[in-house]
Amino acid sequence: MHNLGIAITGSGSAVPETSLDNEALSKLVETSDEWIATRTGIRQRRLAHPSESLSLLAAKASRQAIASAGITAEDIDLILLATSTPDDLFGSACQIQAELGATKAVAFDLTAACSGFVFGLVTAAQYIRTGAYQNVLLIGADILSRCVDWQDRRTCVLFGDGAGAVVLQANQSDRLLGFTLKSDGSQNHYLNLAYQASSQELIPGVNIGQGKYQPITMNGKEVYRFAVQKVPEVIDKALFQANLTIEQIDWLLLHQANQRILDAVAQRLNIPNEKVISNLANYGNTSAASIPIALDEAVRQGKIKPNDIIAASGFGAGLTWGAAIFQWGR
């Protein structure tokens, strides 16, 4: 008898040592703690030192997740790294595989910005449900401090660095109860980390474009509007698929982008504040890492207990958004 369901059996997280609070940030750009906190809910963020690589941060979170799942690195069949900021543009998942000694695992990167963890969760589930793999390590990790214009006060106040990981295992009962994923490239221009090339003539008539990535640009108003409208909708769809009502949800676990978004989504869904998981005051927006870091913290604090039903939703650049309804533990 094959176990063709999935369970999320372990979690882990890691953030850099260095912390930058709003007070310190206001020495860098014209802003204040009060301004940032009231508009975003963010009080501080963690920033990776130049010597801290994404791979090492991700490996640290992964070791915790592997340990809490009660397996070893050798048991892992697949490593999925959701990131927009790899150490190497060819991908960083293989470096993490080597770092962990997960010799059996195939490893690759998956890029879906702030939706990356939810997209990765659904992707991992497909490999397990088809019977292809039994043990999957899913990591969400980003070092956005590499990509922020630290003179642009509209964006530099928002982002932070970190990594979170979970282990998914084949299980007799399927704990991923429903999901819905969406993309809309027609709104891509609202949030970008764009490559800008300048033309270079190699020989007469042969031109190529070489350059580098520009810092993050964002239309905050439009991204806010998009999230508040689309996220409740996609959670509703996933709940319908799971055959559950909103009242049956124990925790709302949203991508930690902005406290105002969390509040507005919870309000639209009629979810009381005590069911909303929020830790962005301490970390800011860590992109693909935000959901698994918040999940891991809530599990370690004893808030999320085995069998609790979680509605998770990621949303961000692409534009992409998605929701997954799952039960914690076996």
Side-chain angles (χ1 to χ4, degrees), residues 5-13 41 64-65 68-70 114-115 117-122 124-125 128 138 140 164-169 171-181 227-228 230-283 286 288-315 321-330:
I6 71 151
I8 303 172
T9 57
S11 65
S13 59
Q64 290 181 10
S68 73
C114 302
S115 305
F117 183 80
V118 171
F119 278 44
L121 187 68
V122 172
I128 294 174
L138 168 65
V166 295
V167 168
L168 294 97
Q169 293 184 269
N171 198 54
Q172 274 182 319
S173 67
D174 200 340
R175 315 291 267 176
L176 177 60
L177 309 175
F179 68 84
T180 305
L181 304 179
V228 170
K230 297 295 190 186
V231 172
E233 203 177 273
V234 85
I235 290 172
D236 269 336
K237 285 198 167 114
L239 280 168
F240 179 77
Q241 203 193 27
N243 202 7
L244 292 169
T245 64
I246 205 79
E247 292 74 36
Q248 289 169 286
I249 295 302
D250 294 300
W251 303 103
L252 179 65
L253 175 57
L254 299 180
H255 164 51
Q256 307 284 301
N258 184 319
Q259 190 61 44
R260 283 182 166 180
I261 294 176
L262 271 63
D263 295 342
V265 170
Q267 204 180 340
R268 285 207 178 184
L269 289 168
N270 239 342
I271 292 178
N273 280 345
E274 60 271 17
K275 286 187 174 186
V276 181
I277 291 171
S278 171
N279 70 353
L280 59 79
N282 299 325
Y283 304 112
T286 56
S290 86
I291 292 175
I293 291 173
L295 173 71
D296 181 54
E297 275 198 348
V299 167
R300 287 175 196 274
Q301 287 162 359
K303 278 169 78 166
I304 293 178
K305 298 181 171 62
N307 299 323
D308 277 4
I309 297 176
I310 298 160
S313 179
F315 48 91
W321 65 107
I325 316 294
F326 63 89
Q327 270 183 293
W328 174 251
R330 283 185 212 281

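Quick caveat, the model's predicted, so the values are computed rather than measured.
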Between Arg268 and Val228, does the side chain to side chain contact (heavy atoms under 4.5 Å, CB included) criterion hold? Intermediate values first, please. CA-CA 8 Å; Arg268 285 207 178 184; Val228 170; 3.7 Å; yes

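- In this structure, Ala124 and Leu168 approach most closely via the heavy-atom pair CB-CD1, 4.1 Å.
- The shortest side-chain heavy-atom distance between Asp236 and Leu269 falls under the 4.5 Å cut-off.
- Note that the CD atom of Gln248 and the CG atom of Asn243 stand 8.0 Å from one another [nearest 0.5 Å].
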With side chain to side chain contact (heavy atoms under 4.5 Å, CB included) as the test, would you mind laying out the steps for Val166 and Thr9 before giving the verdict? CA-CA 7 Å; Val166 295; Thr9 57; over 6 Å; no

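- Between the side chain of Arg175 and the main chain of Gly5, no donor-acceptor pair closer than 3.5 Å is present.
- The line from CG of Leu253 to CD1 of Ile291 is 5.5 Å long, rounded to the nearest 0.5 Å.
- Atom CG of residue Leu138 and atom CD1 of residue Ile8 lie 8.5 Å apart, to the nearest 0.5 angstrom.
- Between Leu252 and Ile235, the closest side-chain pair of non-hydrogen atoms falls below 4.5 Å.
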Please walk me through it: do Leu239 and Ile249 pass side chain to side chain contact (heavy atoms under 4.5 Å, CB included)? CA-CA 9 Å; Leu239 280 168; Ile249 295 302; 3.5 Å; yes

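- In this structure the side chain of Trp328 reaches within 4.5 angstrom of the side chain of Leu295, judged on heavy atoms.
- Put simply, the side chain of Gln64 gets close to the backbone of Ser13: a donor and an acceptor are under 3.5 Å apart.
- Lys275 contributes atom NZ, which lies 7.0 Å from atom CD1 of Ile271 (distance to the nearest 0.5 angstrom).
- Other residues, nucleotides and ligands contribute more than 12 heavy atoms inside 6.0 Å of the CD atom of Gln241.
- Phe326 has its side chain out of reach of Leu177: every pair of non-hydrogen atoms, C-beta onward, lies at least 4.5 Å apart.
- Of all heavy-atom pairs spanning Ala227 and Val265, the tightest one is O-CG2, 4.2 Å.
- There is a side-chain donor-acceptor pair under 3.5 Å between Gln259 and Asp263.
- Considering all non-hydrogen atoms of both residues, Ser68 and Gly10 come closest at OG-CA, 3.1 Å.
- Between Leu176 atom CG and Ile325 atom CD1 the span is 9.0 Å, to the nearest 0.5 Å.
- Formation of a donor-acceptor pair under 3.5 Å by the Asp250 side chain with backbone atoms of Ile309 is found in this model.
- Looking at Arg330, its side chain never comes within 3.5 Å of a backbone N or O of Asn171 through a donor-acceptor pair.
- Ser290 pairs by the side chain to side chain contact (heavy atoms under 4.5 Å, CB included) definition with His255, Gln256, Thr286, not counting sequence neighbours.
- For Ile261 against Ala257, the heavy-atom pair with the smallest separation is CD1-CB, 4.4 Å.
- Smallest separation of non-hydrogen atoms from Ala266 and Val276: CB-CG2, 3.7 Å.
- Sorted by first and then second residue, the pairs that involve residues 294-310 and meet salt bridge (Lys or Arg N to Asp or Glu O under 4.0 Å), not counting sequence neighbours, are Asp296-Arg300.
- Annotation: the span from Trp321 atom CH2 to Cys114 atom SG amounts to 14.0 Å, rounded to 0.5 Å.
- Minimum interatomic distance between Ser313 and Val234 (heavy atoms only, all atoms of both residues): OG-CG1, 4.0 Å.
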